[in-house]
Number of protein chains: 2
Amino acid sequence: MHGHPSPSDGTGPADAHDHACGGEDLLARAERICRERGLHYTDLRRRTLEAVAGEGRALGAYDIAERLSVPGRRVAAVSVYRALDFLTENGLVHRIASRNAFVPCGHGHGGGESTVFLICRTCGTVGETVSRDIQRGLDSTLASAGFKPVSHIVEVEGECGACQGRGGTE
Amino acid sequence: MHGHPSPSDGTGPADAHDHACGGEDLLARAERICRERGLHYTDLRRRTLEAVAGEGRALGAYDIAERLSVPGRRVAAVSVYRALDFLTENGLVHRIASRNAFVPCGHGHGGGESTVFLICRTCGTVGETVSRDIQRGLDSTLASAGFKPVSHIVEVEGECGACQGRGGTE
DNA sequence: CGTGGTCTGTTACAGTGTAACAGGGCCGTC
DNA sequence: GACGGCCCTGTTACACTGTAACAGACCACG
């Protein structure tokens with residue numbers, strides 16, 4: 001499907017239970033997490049996750065609603081938002097703030113590493129990688145500023161490797 | 001987003017000469033930049049900038065429109081959006097993607113430094129700082145991923161120094 | 001004076017997101 | 001089984017965000 005750029009830092013994943021290790025795909029992980037946490041892995045939530053996972057690029061909530069709708073059975077965007085809230089809270093999808101759109105979560109996000117989203121202007125795919133260096137820079141910067149972080153986002157727009165190879169008139 | 005061809009590092013929005021050096025305030029800088037670049041510093045653009053600058057927190061486009069409107073003379077949001085586009089392109093305001101709102105630009109954003117926005121959950125103020133460390137971490141991470149950046153955003157949500165002092169545990 | 005370009009006003013509309021309430025399914029208790 | 005509580009979903013309504021398209025105003029320039 002969509003190949004994530006590998007975690008380039010080469011630093012191993014931190015957290016033992018949450019990340020997509022080798023063979024476990026996102027849907028299996030969702031099922032396991034919900035079971036472990038006693039949450040309801042409902043039909044709507046599963047189908048919402050499938051819709052997001054089945055797309056390399058970021059999907060808007062209304063796009064997802066459209067994909068989930070069939071003639072005679074329409075899924076309202078508000079239901080999709082609630083499913084996305086659930087999936088986001090449980091680390092199964094991410095929201096791309098600069099696009100108002102959602103992507104499947106491909107990493108485990110243990111401590112000590114910042115997640116970075118790589119948004120390709122050409123093909124629209126959204127890659128995800130993690131970086132210990134950025135997290136360290138962030139930590140020191142915030143400490144100097146006296147700011148206590150709760151969450152943060154790092155989003156980069158540009159051209160992915162595949163598109164550089166294919167199209168670049170440079 | 002930015003129409004500026006950026007120098008080699010690729011992620012800096014503007015060139016090195018328009019930063020707030022010492023005492024120059026934002027409005028004076030705006031006037032100077034427009035004069036230097038032969039751009040129209042119109043009434044709407046000036047008042048939009050004043051509205052954004054006169055607020056510590058991020059303002060939405062409709063908030064700005066409301067502030068600029070007086071009985072009998074209403075400013076439409078679409079006009080504000082155009083003014084904001086202009087101001088953003090010229091490095092006078094920033095867009096906070098996670099809030100869909102705008103803040104005045106307080107730094108010069110020379111090359112080699114990432115701009116970081118510090119959004120306080122308690123008081124709503126948005127601080128701005130720059131970090132060479134984060135930029136370096138970003139550069140190495142993107143290089144490893146084979147991703148060519150054009151622009152990027154770093155936004156942190158948390159608690160600012162003032163609110164930690166005031167509200168901590170109470 | 002005309003002309004062309006930019007800026008603004010206006011309307012219309014698409015997309016994003018939340019609040020509030022109603023109904024339905026599930027599960028534990030009585 | 002009936003009841004009641006809780007969560008999830010459907011539905012409606014609405015507010016906010018953002019863009020497209022066209023018309024008029026305004027200004028510099030020949």
Side-chain angles (χ1 to χ4, degrees), chain A residues 30-31 34-35 37-52 57-90 92-103 124 153 155, chain B residues 1 3 30-31 34-35 37-52 57-90 92-103 124 153 155:
Chain A
E31 208 168 340
C34 290
R35 201 172 45 240
R37 302 181 185 173
L39 304 171
H40 298 315
Y41 190 45
T42 65
D43 189 61
L44 179 64
R45 291 170 178 175
R46 182 183 47 74
R47 290 198 297 144
T48 300
L49 183 56
E50 285 171 359
V52 174
R57 61 193 187 85
L59 276 184
Y62 280 66
D63 294 327
I64 298 170
E66 197 178 338
R67 275 169 175 67
L68 297 188
S69 296
V70 294
R73 184 78 182 162
R74 180 179 149 269
V75 175
V78 62
S79 296
V80 174
Y81 276 112
R82 287 188 287 229
L84 287 170
D85 284 344
F86 173 88
L87 296 170
T88 302
E89 280 165 12
N90 288 285
L92 295 163
V93 307
H94 289 293
R95 181 182 146 78
I96 305 296
S98 60
R99 293 288 181 101
N100 296 323
F102 299 83
V103 294
I153 60 173
E155 298 176 13
Chain B
M1 280 198 189
E31 209 169 338
C34 290
R35 202 172 44 240
R37 301 180 185 175
L39 304 171
H40 299 316
Y41 189 45
T42 66
D43 189 62
L44 179 65
R45 290 171 180 175
R46 180 182 49 74
R47 290 197 297 144
T48 300
L49 182 57
E50 284 170 1
V52 174
R57 61 193 188 84
L59 277 183
Y62 279 65
D63 294 328
I64 298 170
E66 198 178 338
R67 275 169 175 67
L68 298 187
S69 294
V70 293
R73 184 77 183 162
R74 180 180 148 269
V75 175
V78 61
S79 295
V80 173
Y81 275 111
R82 288 188 286 227
L84 287 170
D85 284 345
F86 174 87
L87 295 170
T88 302
E89 282 165 11
N90 288 284
L92 295 163
V93 308
H94 289 293
R95 182 183 146 80
I96 306 297
S98 60
R99 294 288 180 103
N100 295 323
F102 298 83
V103 293
I153 60 174
E155 297 176 13

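Basis for what follows: all heavy atoms, side chains included, without hydrogens, waters or symmetry-related copies. Note that the structure is a prediction, hence the values are computed from the model and not measured. Chain identifiers are assigned alphabetically (A, B, ...) following the order of the sequence lines, protein sequences preceding nucleic acid strands; residue numbering begins at 1 within each chain.
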Starting at atom CG of A:Asp63, determine the distance to atom C1' of C:dT16, rounded to an integer number of angstrom. 11 Å
Check whether any side-chain heavy atom of B:Leu59 lies under 4.5 Å from a side-chain heavy atom of B:Arg67, and answer yes or no. yes
Would you call A:Arg46-A:Asp43 a salt bridge at under 4.0 Å N-O? yes
Write down the atom of B:Leu84, the atom of B:Thr48, and the distance for their closest heavy-atom approach. CD2-CG2, 3.8 Å
Whole-Å gap separating C1' (C:dG15) and OH (A:Tyr81): 8 Å
I need the CZ-C1' distance between B:Arg46 and C:dT8, as an integer number of Å. 15 Å
Per-nucleotide protein contact string for nucleotides 7-12 of chain D (B base, S sugar-phosphate only, - none; heavy atom under 4.0 Å): SSBBBB
Do A:Arg95 and A:Asn100 come close enough that some side-chain heavy atom pair is under 4.5 Å? yes
Between the CD atom in A:Glu50 and the CG atom in A:Leu68, the distance rounded to the nearest 0.5 Å is 9.0 Å
On a heavy-atom basis, the closest approach of A:Glu155 and A:Ser98 is OE1-OG, 2.6 Å
OP1 or OP2 of D:dC16 versus the side-chain N and O atoms of B:Tyr62: is any pair under 4.0 Å? no
A:Arg47 side chain reached by A:Val75 side chain, heavy atoms, under 4.5 Å: yes
C:dT16 OP1/OP2 closer than 4.0 Å to side-chain N/O of B:Asn100: no
For atom CG of B:Asp85 and atom P of D:dT17, their distance in whole Å: 15 Å
Rounded to the nearest angstrom, tell me the gap between atom CD1 in B:Ile64 and atom P in D:dG18. 10 Å
Tell me: CG of A:Leu59 to P of C:dT16, nearest whole Å? 10 Å
Minimal heavy-atom distance between A:Val52 and A:Phe102, with the atoms involved, is CG1-O, 4.0 Å
Least distance between heavy atoms, A:Arg45 atom then A:Phe86 atom: NH1-CE1, 3.3 Å
Establish, with yes or no, whether the OP1 or OP2 oxygen of D:dG18 is under 4.0 angstrom from a side-chain nitrogen or oxygen of B:Arg95. yes
Canonical and wobble pairing (Watson-Crick, G-U, under 3.5 Å) of DNA chain C, dot-bracket with |: ||||||||||||||||||||||||||||||
